[in-house]
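Throughout, protein chains are lettered first and strands after them, A, B, ... in sequence-line order, and every chain is numbered starting at 1.
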Amino acid sequence: MPPRWHRNRQTVRRSSIDWGANKLLAALLVTPQRRSSGRHDSRGAHVRYAPMRLSRYPISTLKEIPGDAEVVSHQLMLRAGLIRRSAAGLYVWLPMGLRTLKKVEQIVREEMNRAGAFELCMPTIQPAELWIESGRWRKYGPELLRIKDRHDREFVYGPTHEEVITDIARRELRSYKQLPVNFYQIQSKFRDEIRPRFGVMRAREFLMKDAYSFHTDAASLAEGYRLMFDAYTRIFTRMGLKFRAVQADGGSIGGDTSQEFHVLADSGEDAIAISDADDYAANLETATSAASAAPRHGPVEPLTKVATPNVRTIAEVCALLGVEAARCVKTLLVDGSAGDVVALVIRGDHELNAVKSQKLDGIASPLRMASTERIRASTAAEPGSLGPLGFKGTIYVDRAAAHLADFVCGANDKDTHYRGVNWGRDLPEPRVVDIRIVQAGDPSPTGRGTIKIARGIEVGHIFQLGQLYSAAMNASVLDEEGKALTMHMGCYGIGVTRIVAAAIEQNHDANGIIWPQALAPFQVVLVPLNYQKSAQVQEIADALYRDFNAVGIDVLLDDRDARPGVKFADSELLGIPHRIVIGERSLKAGKLEYRHRRETESSEISAADPVGYIRDRLNS
RNA sequence: CGGGGUGUAGCUCAGCCUGGUAGAGCACUACGUUCGGGACGUAGGAGUCGCAGGUUCAAAUCCUGUCACCCCGACCA
């Protein structure tokens, strides 16, 4: 069933504005009966149904929150009629929402162009051969949507475009003189997420700006990477978002150096560690802290074995023995890459970081905890009384655990623990690694300040890929000596659709969205009161509407025959930054009422030059 | 994929336990009154009760299967 848009019984006045290409749209919006009764201008085109009059604009706001929307941005996007769900993780962008999406796109495009990147457009459907060649046909897993055409040939719906761009680059680029170069596109991606959620925030099909740069060497790549870092900083700054660039893990895309851009919001899915004294910031997955500088204390206590019946957790051990968790050590057994079991030792009050751990030699990636059967087979102990003492096999010890003296650990014997354990005396000196999750209050690794934990929404990610794909796909150019040179690559993503949701998460109140100026679908909403009754109100509202359009300010005229409360509520839900109320009451005094979406009180402005007033505010 | 939950009008939901043939509010249509913060009245349109099978004189309701969606965990822009 088609939605029913707001209608206006009243005949709209003839407008002098030339709508150009919008005429066709305007004509299409007209119902058949109306078309027959409409009037035509001298060129025979329809001009009566100006598209930015709310009586004709297809908005459909909801008072109630659709039941499946969990986070505010999803709720507000549905309530304001920006998107509608088509299937799990698949969304339709309605006209009002698309306006904001296009603004995001345009800012990204302008800044990418300014950084010297070239826009191109790759197909969403990609041939399987390229993925087989890069090795990701096997590696990518079920998130990759694989499809067949009528000839039974295999394709994928692209979740990313490294293969296609590398293929193009190796065919088009021949000489080092053509480098460095950066290509980007703003294109739909499909990732068959296990659990799409939060509306457009984690959708399966989404819009992404993806850029790929090609270089002769690592130094040039680092320079190109820096250019992208700067471009991203400008992009998110222009959008009026509070964001933070953080160190990141390469994940499935691969590569060494990588940073994420996070929009800070409490509802964010990612935790990030931020120093309170300098610019250190990292995804919790890779965040580290300063290792203790002081030397380890020497042994004092003798090694003693104590009975700890039915004690399994660190908390229980502490309670029984009267020691702090920070003086205990916990030993976690994980699957090794050779079918064995590897022991990871961390301090009792710390937690294991899976991303850091799975990078260690001899550990299976992704990280898996060893099954109870395997634990029994390799140690003859039960989980709960495991320890490094007497463990046969590889042992990795976290820096903080390695710094302990006279500590407590499991004895690898059911219902017993050791206390007074010391590295070097009772055990060999450990293999020291960094495998724990940093905690709020830890010292920053830069040596200045302490770590705070914040939450963020990842809206951008930049990588130095190196020769990962170019080597696999043999993408080379000739160097100065005429020898083949494997190109160095960087890749740079921005979640275009996700930005819209992230901006709302960061900018809303109880009444609705509060768009940052750069993302607002319209800058100004005109709210005439009694538009249908008062000739004066109608005349002034129409004139203002023409004037704003004439100077190129996006304006929406709420000419609906609705009560004031409805118009106010909708203008706030939609989050239009500037609202001008045209009412007979203030017109008598030669005034209009102005209110910014962030303000709680209206102010009177002169009716003489509202366009100039708004223009000043837009520029300030 | 594992665990939990829900499918009844465009939206939010009641009815289901205890079978008796479909409801409310919002939205929509018409008319009237109203009109500076989501009005009111009257009338109206709209649902194969997710789908399939079964039990029964009778199924939204009970049973079986199936599909879809949502929530909690490992992935990502």
Side-chain angles (χ1 to χ4, degrees), chain A residues 1-7 9 60-71 74 78-79 81 84-85 87-89 108 140-144 159-160 186-211 232 248-253 260-263 269-270 283 285 354-355 358 366-369 456-463 491-502 511-512 527-534 537 561-573 579 581-587 593 595 602:
Chain A
M1 181 116 71
R4 309 216 178 93
W5 313 116
H6 291 272
R7 289 248 172 82
R9 276 179 246 152
S60 48
T61 53
L62 304 173
K63 260 192 256 189
E64 279 165 307
I65 302 167
D68 54 4
E70 269 281 289
V71 293
H74 189 199
L78 290 170
R79 285 226 290 136
R84 290 289 181 252
R85 198 181 68 93
V108 170
Y140 215 90
E143 215 177 278
L144 181 63
T160 173
I186 297 174
Q187 172 68 291
S188 283
K189 299 281 184 277
F190 188 93
R191 294 182 188 174
D192 204 353
E193 296 276 351
I194 301 163
R195 191 150 87 82
R197 61 185 135 172
F198 304 152
V200 117
M201 190 99 86
R202 178 182 295 278
R204 291 196 293 175
E205 185 176 330
F206 59 96
L207 247 202
M208 175 170 162
K209 187 285 299 174
D210 46 325
Y232 276 38
D249 180 60
S252 68
I253 297 184
E260 293 168 345
F261 286 78
H262 282 262
V263 165
E269 284 190 273
D270 287 302
N283 192 305
E285 288 176 348
V355 173
Q358 70 196 14
L367 191 76
R368 281 187 311 271
M369 299 306 285
I457 300 163
E458 183 186 353
V459 290
H461 201 158
I462 57 179
F463 301 84
C491 86
Y492 319 93
I494 287 184
V496 174
T497 36
R498 183 180 280 181
I499 285 174
V500 178
N511 296 327
V527 181
L529 305 178
N530 265 319
Y531 183 84
Q532 271 68 25
K533 295 274 172 55
S534 164
V537 166
D561 185 15
R563 298 163 66 85
V566 173
K567 296 185 178 188
F568 294 147
D570 275 347
S571 79
E572 282 152 21
L573 178 58
R579 180 173 78 193
V581 175
I582 302 123
E584 283 185 309
R585 208 164 67 186
S586 40
L587 279 181
E593 285 158 57
R595 179 149 153 203
S602 295

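When the C1' atom is compared between B:C62 and B:G20, the two are found 14 Å apart, to the nearest whole Å. When the P atom is used for both B:A46 and B:U29, the distance is 16 Å, rounded to whole Å. Between B:G73 and B:C13, the two P atoms lie 22 Å apart (nearest whole Å). Here, B:A14 and B:U8 have their C1' atoms 10 Å apart, quoted to the whole Å. Nucleotides B:A24 and B:C49, compared at atom C1', are 16 Å apart to the nearest Å. On the C1' atoms, B:U61 is 13 Å away from B:U55, given to the nearest whole Å. Comparing B:A59 with B:C51, their C1' atoms are spaced 15 Å from each other, to the whole Å. One P atom belongs to B:A9, the other to B:U48, and the distance between them is 9 Å to the nearest Å.
For A:E572 against B:G38, a side-chain-to-base donor-acceptor contact under 3.5 Å is absent. Counting atom types as modelled, A:D570 pairs a side-chain N or O with a base atom of B:G38 as donor and acceptor under 3.5 Å. With hydrogens and angles ignored, a donor-acceptor pair under 3.5 angstrom links the side chain of A:R202 to the base of B:C76. In this model, no side-chain donor or acceptor of A:R85 finds a partner on the base of B:C70 within 3.5 Å. For A:R579 against B:G37, a side-chain N or O and a base N or O form a donor-acceptor pair under 3.5 Å.
Residue contacts shown for A:G495 include a base, since a base heavy atom lies under 4.0 Å away. If you check every strand for non-hydrogen atoms under 4.0 Å, A:G583 touches a base. Nucleic acid contact class of A:R84 (heavy atoms, under 4.0 Å, all strands): none. Here A:S586 lies in heavy-atom contact (under 4.0 Å) with a base. Using a 4.0 Å heavy-atom distance criterion, A:R595 is classed as a base contact. Among the heavy atoms of the strands lying under 4.0 Å from A:L529 is at least one base atom, whether or not backbone atoms are also near. Using a 4.0 Å heavy-atom criterion, one finds that A:D210 contacts no nucleic acid atom at all. Among the atoms of the strands shown, none is found under 4.0 Å from any heavy atom of A:A502.
Judged by distance alone, the side chain of A:R498 and the main-chain N or O of A:E458 form a donor-acceptor pair under 3.5 Å. At distances below 3.5 Å, not a single donor-acceptor pair connects side-chain atoms of A:T61 with backbone N or O atoms of A:R79. Looking only at distances, no side-chain donor or acceptor of A:Y232 sits under 3.5 Å from a matching main-chain atom of A:E260.
The nearest whole Å value for the distance from the OH atom in A:Y531 to the P atom in B:G36 is 18 Å. Here B:C70 presents its C1' atom at 8 Å from CD of A:E70, a figure rounded to the nearest Å. Taking atom CD of residue A:E143 and atom P of nucleotide B:C1, one finds them 16 Å apart after rounding to whole Å. Atom C1' of nucleotide B:C28 and atom CG of A:D561 are separated by 16 Å, given to the nearest angstrom. The interatomic distance linking A:L573 (CG) with B:G37 (C1') rounds to 14 Å, in whole Å. Summarising the geometry, the separation between CZ on A:R197 and P on B:A77 is reported as 15 Å, rounded to the nearest angstrom. One atom, CD1 of A:I65, and another, C1' of B:G25, lie 16 Å apart when rounded to the nearest Å. Between A:E193 atom CD and B:A77 atom P the separation is 9 Å, expressed in whole Å.
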Using the side chain to side chain contact (heavy atoms under 4.5 Å, CB included) rule, take A:R579 and A:K567 through it: C-alpha gap first, then chi angles, then the decisive distance, then the call. CA-CA 11 Å; A:R579 180 173 78 193; A:K567 296 185 178 188; over 6 Å; no
Begin with the C-alpha distance, continue with both residues' side-chain angles, and end with the deciding distance and a verdict on side chain to side chain contact (heavy atoms under 4.5 Å, CB included) for A:D561 and A:Y531. CA-CA 7 Å; A:D561 185 15; A:Y531 183 84; over 6 Å; no
Could you walk me through whether A:F568 and A:N511 pass the side chain to side chain contact (heavy atoms under 4.5 Å, CB included) check? CA-CA 10 Å; A:F568 294 147; A:N511 296 327; over 6 Å; no
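When each of A:E260 and A:P196 is assigned the nucleotide of RNA chain B bearing its nearest heavy atom, the one mapping closer to the 5' terminus is A:P196. Taking for each of A:M201 and A:G89 the nucleotide of RNA chain B with the nearest heavy atom, the 5'-most of the two is the partner of A:G89.
In the set B:C11, B:G36, B:G38, B:G36 carries the atom at the smallest distance from any side-chain atom of A:E593. The A:K533 side chain lies nearest to B:C35 when the options are B:C75, B:C35, B:G38. Among the nucleotides B:C70, B:A77, B:A39, the one closest to any side-chain atom of A:A88 is B:C70. Of the candidate nucleotides B:A77, B:G36, B:G25, B:A77 has the atom nearest to the side chain of A:F206. Nearest to the side-chain atoms of A:K63 among the listed nucleotides B:G38, B:G37, B:U12 stands B:G38. For A:N530, the side-chain atoms get nearest to B:G36 when compared with the rest of B:C72, B:G36, B:A27.
Of the nucleotides present, B:U6 is the one that pairs with B:A68 by Watson-Crick or G-U wobble criteria, both distances under 3.5 Å. Look at B:U42: its Watson-Crick or wobble partner, with both distances under 3.5 angstrom, is B:A30. If you check B:C62 for Watson-Crick or wobble pairing at under 3.5 angstrom, you find it paired to B:G54. Nucleotide B:A74 forms no Watson-Crick or G-U wobble pair with any nucleotide shown, as no partner meets the under 3.5 Å limit on both distances. Using Watson-Crick or G-U wobble geometry with both donor-acceptor distances under 3.5 Å, B:A24 finds its partner in B:U12.
Shown are A:V527, A:I582, A:V581, A:L587; of these, the side chain to side chain contact (heavy atoms under 4.5 Å, CB included) with A:E593 is made only by A:V581.
The side-chain ring of A:F568 is not stacked on the base of B:G36, judged by centre separation under 5.5 angstrom and plane angle under 30 degrees.
Ion pairing between A:R202 and A:E193 holds under the 4.0 Å rule for side-chain N and carboxylate O.
Atom NE2 of A:H74 is separated from atom CZ of A:F198 by 10.5 Å, given to the nearest 0.5 angstrom.
Under 4.0 angstrom from either OP1 or OP2 of B:A39 there lies at least one side-chain N or O belonging to A:R563.
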